[in-house]
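Notes for the one structure printed next.
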2 protein chains.
Amino acid sequence: MSEPGAGGESLLFLTDEQLRKGIEAMFFAYRGFTADPDRILDGLDYGRAHHRALHFIHRSPGTTVNNLLNILGVTKQSLNRVLRGLLDDGLVESRVGKQDKRERHLFLTARGAELERQLSDAQRARMRAAYRAAGPVAVQGFRQVLEAMMDPEMKRQYLALKESGA
Amino acid sequence: MSEPGAGGESLLFLTDEQLRKGIEAMFFAYRGFTADPDRILDGLDYGRAHHRALHFIHRSPGTTVNNLLNILGVTKQSLNRVLRGLLDDGLVESRVGKQDKRERHLFLTARGAELERQLSDAQRARMRAAYRAAGPVAVQGFRQVLEAMMDPEMKRQYLALKESGA
DNA sequence: CTTGGAAAGTCAACAAGGCTGACGTAACTT
DNA sequence: AAGTTACGTCAGCCTTGTTGACTTTCCAAG
C-alpha cells in the first residue's frame, strides 16, 4: 500500500499477497472447470484422460498419435491405454496414413463425437456463464494472463491450434 | 489478430469457438502453473498433494484437519496419507485443540515453512511474470473470470481466505 | 537392396493420489 | 447415558501417470 511513487499500480499488484490470491484462484477455478465433465464421466467407464483425448481429436481430426502425445504431454504408454479403450468401444477410429503408413490418423466416430459434444457442452456452459458474468474486457484479460502463464512450447501448441481454427 | 472487427464483440466472444479457446487456454496454462513446483518436488519424496497441503497450512496456520479437507476437496483417508508423511518428516506440526480437544490444529515447522517458501517462490515467479506481461487490467479480468468459474462453495472458501488475508 | 532409424504398439511393473467401506477412540453435546 | 463429531487407520480398489524392454512396420539414405 505504501509504494512511494514508482508508477503505483504497476508495482502494487505484484505483491506476494496478490500473487497468492491469483494462485488460489487458479486452483479453485480449475476444480470448477473440470467438475461438470467429470460428473458425466463418472457413470461411464471413462475418466478425464479420455475426455482430453476426445477433445483434441475432435479439435484436430486426423491428428497422429505423436501429435496427440505432444499436446497432452504424456507418455505413449499412458495415452495408449486410454486410446485403446476408445478404439475398442468404437468412439475413435484409427486410419493408417496415406503418405506415411506408420502413422495412425485419429478420428471420432459418430458415437465418439456424440460423447465429446456432451462433455464439451457441459464445460462450455460453465465457461459461457463465467464469460457473461465477467464481461468482454475481463475475458480479454483472462486469456492474456493464461497465455503468459504457459510454457513456451505449450504456448506454441496453443497458438497453432488457435489459429488453425480461427 | 483476425477477429473481423465488428462491434459485435459482446456477442462474438461467446461463440463455441471462442469458448473452446478459453477451455484450451485453461488446460495449457494449468500445466504451466504446476510445472515449476512439480519440478522441485520431483527430487523429493513429495508430490503435488503435499504442496497443496503445505500451501493451505501456511495460508491458514492452525487450521483443523476438517477445514483442510473441505478446502482441498479430498477424503480424509487421502489427506491423511499425505499429512502423515509431512508429520513424520517434521514439516508439519499437529497440536491438540484447546477449546475442542478432538480437533488437531496444523502448523508448519521451520523446515516445512522453508519448503513451502521454495515451492511458492517458484510458482509466484511464473505468476509474477505473467502478470507483468499482461498488465494490471488483464489481471483484474483474469481474476474476475476465474471467480465466476468456481463452484459457489469453492468461491465461498476462496473469498473467505482472500478476505482474511487482505 | 540393405540397413538405420522413426512411428507405433505392446507387455510388465510400479507409484502417486484419488476413492469406498469399516472400525476404533476420544471428546463434545444433548 | 446415548448420540454425534473429529480424527486416525486398515484394507482394497481405480485412474492415470511413469520406466524399461521389445517388436513390427515402414520410410529413406547409403
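Just so it is clear: chains get the letters A, B, ... in the order the sequence lines come, proteins before strands, and each one is counted from 1.
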| task | Take nucleotides 20-30 of chain D nucleotide by nucleotide from the 5' end and write B, S or -, depending on whether a protein heavy atom sits under 4.0 Å from the base, only from the sugar-phosphate, or from neither. | result | BB---BBS---
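For residues 37-46 of chain A, the side chain to side chain donor-acceptor pair (under 3.5 Å) pairs, not counting sequence neighbours, are Asp36(A)-Arg39(A), Asp38(A)-Arg48(A), Tyr46(A)-Asp89(A). Screening residues 112-123 of chain B for salt bridge (charged side-chain N to carboxylate O under 4.0 Å, His left out), with sequence neighbours left out, gives Glu114(B)-Arg117(B), Arg117(B)-Asp121(B), Asp121(B)-Arg124(B).
Using a 4.0 Å heavy-atom criterion, one finds that His50(B) contacts the sugar-phosphate atoms exclusively.
Using cut-offs of 30° and 60° on the angle between ring planes, the pair Phe33(A) and Tyr30(A) is tilted.
The footprint of chain A on DNA chain C, defined by a heavy-atom cutoff below 4.0 Å, extends from dG5(C) to dC11(C).
Regarding contacts with the backbone of dT18(D), a side-chain N or O of Thr75(A) is found under 4.0 angstrom from either OP1 or OP2.
Among residues two or more places apart in sequence or in another chain, the side chain to side chain donor-acceptor pair (under 3.5 Å) test is passed with Gln118(A) by none. Ala25(B) pairs by the side chain to side chain contact (heavy atoms under 4.5 Å, CB included) definition with Arg143(A), Leu146(A), Met150(A), Tyr158(A), not counting sequence neighbours. With sequence neighbours excluded, the residues forming a ring-ring contact (aromatic ring centres under 6.0 Å, His included) with Phe27(A) are Phe56(B), listed by chain and number.
Within residues 80-92 of chain A, the residues approaching DNA chain C are Asn80(A), Arg84(A), by heavy-atom distance under 4.0 Å. Shown for residues 33-49 of chain B: residues whose heavy atoms fall under 4.0 angstrom of DNA chain C, namely Gly47(B), Arg48(B), Ala49(B).
Remark: P of dG8(D) and NE2 of His105(B) are 12 Å apart, rounded to the nearest angstrom.
When each of Glu103(B) and Arg52(A) is assigned the nucleotide of DNA chain D bearing its nearest heavy atom, the one mapping closer to the 5' terminus is Glu103(B).
Salt-bridge formation is not detected for the pair Arg156(B)/Asp151(B): no Lys NZ or Arg NE/NH1/NH2 atom is positioned less than 4.0 Å from an Asp or Glu carboxylate oxygen. Between Lys21(B) and Glu17(B) no salt bridge is recorded (no basic side-chain N to carboxylate O distance below 4.0 Å).
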Return a table of donor-acceptor pairs under 3.5 angstrom between the side chains of residues 75-84 of chain A and protein atoms on other chains or two or more places apart.
unit_1, atom_1, unit_2, atom_2, d
Thr75(A), OG1, Ser78(A), N, 3.3
Arg84(A), NH1, Asp88(A), OD1, 3.1

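Taking all atoms of both residues into account, the shortest heavy-atom contact from Leu54(A) to Gly112(A) is CD2-O, 4.4 Å.
Other cluster members for Val137(A): Val137(B), joined by side-chain heavy-atom distances under 4.5 Å among Ile, Leu, Val, Met, Phe, Trp and Tyr. Side-chain heavy-atom separations under 4.5 angstrom define the hydrophobic clusters, and Val96(A) shares its cluster with no other residue.
One finds the CZ atom of Arg31(A) at 15.5 Å from the NZ atom of Lys155(B) (value rounded to the nearest 0.5 Å).
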